[in-house]
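One structure below.
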Amino acid sequence: MAILITGGAGYIGSHTMVEFLTAGRELVVVDNFMNSKPESLRRVKEITGKDFRFYEVDLLDRDKLEKVFLENEIEACIHFAGLKAVGESCEKPLLYYHNNITGTLNLCELLAKYGAKRIVFSSSATVYGKPASVPITEDFPTSTTNPYGETKLMIERILADLVKADPEWSVSVLRYFNPIGAHPSGRIGEDPQGIPNNLLPYVSQVATGRREFLSIFGDDYATHDGTGVRDYIHVVDLARAHLSAIEYAEKTTGIDYFNIGTGVGYSVLDIVHAYETATGAKVPYRIAPRRPGDIDECYANPEKAAKVLGWRAEYGLEEMCRHAYGWQSQNPNGYDK
Ligand code: NAD
Ligand code: UD1
């Protein structure tokens with residue numbers, strides 16, 4: 001029996017594959033490479049020395065996707081595949097709704113048809129909108145401010161309805177906070193196309209000289225130093241949370257929501273300083289206007305995941321920065337040679 005991983009070639013998917021293969025789990029992986037490269041999969045094999053079945057399939061192509069189920073015995077799915085850029089989702093809402101929602105509907109229909117009613121879904125802290133306070137617990141009200149976030153919330157609701165209609169389903173919704181860093185080997189990592197939207201890839205590109213300076217978006221937030229505070233989590237810790245979630249899903253039915261963060265908030269300036277200390281590189285910065293839609297502070301209360309899944313983040317900020325730098329300096333152009 002195999003676990004199906006959708007979006008396995010992506011940033012979080014590739015790190016999760018490493019953890020699952022190392023744990024001896026059998027994997028079937030699908031990706032259409034719309035935001036990733038085959039090279040990441042080759043490196044997963046290189047790191048683990050293990051093999052898996054791969055299908056270049058778009059989740060929107062239901063017939064091709066069904067072939068994956070016909071040719072393999074799937075017992076559960078970890079569903080990473082989706083588009084994730086907030087700005088692009090505002091420019092191309094139909095693309096985001098169609099890809100993320102229709103892709104998930106196709107997938108869930110086939111999981112049900114082939115008796116694999118277990119899914120771990122990649123949601124996001126973005127579903128908490130502008131939280132009234134921090135740290136955030138899973139029972140906080142949800143809201144969104146952009147089509148990307150809307151697709152995450154809609155999928156959460158679709159999965160909740162599925163469980164209501166058919167109690168055989170087991171659904172774990174993982175609400176990720178801010179995944180950063182890379183595999184300690186430096187062989188896989190985040191490979192954003194074009195100018196990075198997120199903080200850490202940008203910092204890494206400045207530290208390695210690919211970009212001149214970091215623009216810090218606002219220094220007048222209600223935080224300890226005026227810059228935005230987030231809960232950064234090492235991508236390997238995040239990957240391991242999926243292993244715990246799958247083990248939990250194998251024993252339970254129903255739907256559960258988990259914050260996947262460290263519980264510690266760091267500001268943009270904290271990150272810049274930690275990065276410089278961890279790597280010895282310089283990260284020149286300038287203060288720029290606020291980025292529309294950004295919030296002051298966002299960090300998790302991760303106790304539910306600790307109690308129910310037995311999972312806790314282990315890596316600290318120093319390792320997150322060091323590993324991010326290791327990946328960026330060894331692969332200045334990402335997976336492109
Ligand atoms: P990523 O873009 O690196 O990986 C997603 C993968 O899915 C890519 O390889 C892409 O090619 C594939 N994909 C997209 N649409 C597909 C389709 N229709 N058919 C087949 N493959 C498809 O993103 P990531 O950072 O690894 O994120 C994984 C998941 O976690 C996404 O659902 C994302 O929304 C969610 N998430 C990410 C973050 C983050 O900061 N990285 C935070 C919260 C939630
Ligand atoms: C982003 C996404 C959010 C997603 C989350 C987790 C946006 C608008 N939101 O949010 O949907 O759930 O990642 O992956 O993209 N910053 C700078 N300079 C930069 C980049 C960022 O100062 O060049 C600051 C931001 O203002 C913020 C912090 O760094 O305070 C983190 O930014 P980012 O990495 O984009 O994550 P989020 O804002 O949390």
Side-chain angles (χ1 to χ4, degrees), residues 5-16 29-38 40-41 55-61 64-65 78-90 95-96 98-100 102-104 106-107 121-129 144-146 148-149 151-152 155 174-180 189-193 195-203 205-206 211 213-219 221 223 227-233 235 238-239 260-261 265-269 271-272 285-299:
I5 304 221
T6 73
Y11 172 46
I12 304 169
S14 55
H15 288 81
T16 303
V29 180
V30 305
D31 204 301
N32 65 354
F33 298 123
M34 73 192 295
N35 197 38
S36 55
K37 309 259 165 59
S40 68
L41 296 175
Y55 293 82
E56 186 169 344
V57 167
D58 189 327
L59 295 191
L60 299 181
D61 186 340
K64 249 182 151 181
L65 188 59
I78 304 181
H79 180 32
F80 294 109
L83 289 168
K84 64 167 183 177
V86 173
E88 188 187 47
S89 81
C90 297
L95 173 70
Y96 272 66
H98 190 47
N99 189 70
N100 293 4
T102 313
T104 303
N106 284 344
L107 177 68
F121 172 60
S122 301
S123 189
S124 165
T126 194
V127 301
Y128 294 116
T144 60
T145 53
N146 55 72
Y148 164 69
T151 67
K152 291 292 164 194
I155 294 169
L174 303 188
R175 292 172 174 163
Y176 311 156
F177 280 67
N178 290 57
I180 62 169
E190 189 169 9
D191 183 17
Q193 305 305 301
I195 301 170
N197 296 309
N198 297 111
L199 179 64
L200 251 288
Y202 206 103
V203 167
Q205 293 193 4
V206 172
R211 297 188 192 278
F213 62 90
L214 169 73
S215 294
I216 294 186
F217 300 144
D219 65 350
Y221 284 104
T223 63
T227 65
V229 164
R230 299 290 184 273
D231 186 336
Y232 296 94
I233 174 168
V235 65
L238 175 59
I260 305 295
Y266 289 108
S267 73
V268 180
L269 280 171
I271 294 289
V272 168
Y285 66 82
R286 292 181 196 166
I287 304 299
R290 288 183 175 204
R291 182 172 66 180
D294 272 358
I295 55 177
D296 303 59
E297 284 194 290
C298 176
Y299 58 90

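Counting starts at 1 for both ligands and their atoms, in listed order.
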Side-chain contact, heavy-atom cut-off 4.5 Å: [X] with [Y]?
X	Y	answer
Lys64	Asp58	no
Val206	Tyr285	no
Arg230	Ile271	no
Leu60	His98	yes
Ile5	Asp31	no

Look at the rings of Tyr176 and Phe80 and say which category their plane angle falls in: under 30° parallel, 30 to 60° tilted, over 60° perpendicular.
tilted
Ligand 2: which residues have a non-hydrogen atom closer than 4.0 Å?
Val86, Ser124, Thr126, Tyr148, Phe177, Asn178, Asn197, Asn198, Leu199, Leu214, Ser215, Ile216, Phe217, Gly228, Arg230, Tyr232, Val268, Arg291, Asp294
Glu297/Tyr221 under side chain to side chain donor-acceptor pair (under 3.5 Å): CA gap, chis, key distance, verdict
CA-CA 8 Å; Glu297 284 194 290; Tyr221 284 104; over 6 Å; no
Close-range residues for ligand 1, whose non-hydrogen atoms fall below the 4.0 Å threshold
Gly7, Ala9, Gly10, Tyr11, Ile12, Asp31, Asn32, Phe33, Met34, Asn35, Ser36, Val57, Asp58, Leu59, Phe80, Ala81, Gly82, Lys84, Asn99, Ser122, Ser123, Ser124, Tyr148, Lys152, Tyr176, Pro179
For Asn100 and Leu83, indicate whether the former's side chain and the latter's backbone hold a donor-acceptor pair under 3.5 Å.
yes
Do any N or O atoms from the side chain of Thr6 and from the backbone of Ala81 form a donor-acceptor pair under 3.5 angstrom?
yes
